[in-house]
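Before any comments, here is the structure.
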Amino acid sequence: GTLATIEPVRIKTMSIAQNATVYEKPQSIAVEFDKPVRSFTATLTPEDGDAVTVTQAGDGTRYELRWEVELEREVRYTLK
């Protein structure tokens with residue numbers, strides 16, 4: 001048989017950079033992938049808390065991730 005390898009989908013750009021300090025309380029983040037994506041799951045989690053519900057809109061390579069809750073100040077969040 002033939003073995004084929006594929007390249008993973010990578011994030012090309014984001015409206016908030018990795019490890020950035022954000023002074024305002026954003027309600028969304030824009031993400032652009034390096035190739036088209038059909039679907040994915042995103043989770044936004046504070047360092048000492050429960051995950052925030054994230055919705056997504058977009059298609060192809062550009063998506064906007066949104067959340068309804070107001071993010072707390074001086075808390076580190078992880079987006080996965």
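All values below come from the heavy atoms of this structure, side chains included, with hydrogens, waters and symmetry mates left out.
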Considering non-hydrogen atoms only, spot the tightest contact between Ala42 and Val54 and give its length.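 Reported closest heavy-atom pair: O-CB, 3.8 Å.
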Is it the case that over 12 heavy atoms from other parts of the model lie below 6.0 angstrom from the CD atom of Gln18?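 Count not over threshold, so no.
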Is the count of non-hydrogen atoms from other residues, nucleotides or ligands lying under 6.0 Å from Arg62 atom CZ greater than 12?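 No, CZ of Arg62 has 12 or fewer neighbouring heavy atoms, counting only those of other groups under 6.0 Å.
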Glu72: partners by side chain to side chain contact (heavy atoms under 4.5 Å, CB included), with sequence neighbours left out: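 Side chain to side chain contact (heavy atoms under 4.5 Å, CB included) check on Glu72 returns Val75, Tyr77.
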Side-chain donor or acceptor of Lys12 paired with backbone N/O of Thr61 under 3.5 Å: no
Are any side-chain N or O atoms of Tyr63 and backbone N or O atoms of Phe40, one a donor and one an acceptor, separated by less than 3.5 Å?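 Here the side-chain-to-backbone pair does not exist.
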Counting only pairs under 3.5 Å, give me each side-chain donor-acceptor contact of residues 20-34, with atom names and distances, residues two or more places apart or in other chains.
residue	atom	partner	partner atom	Å
Lys25	NZ	Glu70	OE2	2.7
Gln27	NE2	Trp67	O	2.8
Gln27	NE2	Val69	O	3.3
Ser28	OG	Glu64	OE2	3.0
Glu32	OE1	Thr13	OG1	3.3
Asp34	OD1	Arg10	N	2.9

Mind checking whether Asn19 and Arg76 have side chains closer than 4.5 Å, heavy atoms only?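 Asn19 vs Arg76: side chains touch.
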Quick one: [atom1] on [X] to [atom2] on [Y], what's the gap to the nearest 0.5 Å?
X	Y	atom1	atom2	result
Leu65	Leu44	CG	CG	9.0 Å
Glu68	Thr53	CD	OG1	9.0 Å
Thr43	Leu79	OG1	CG	8.0 Å

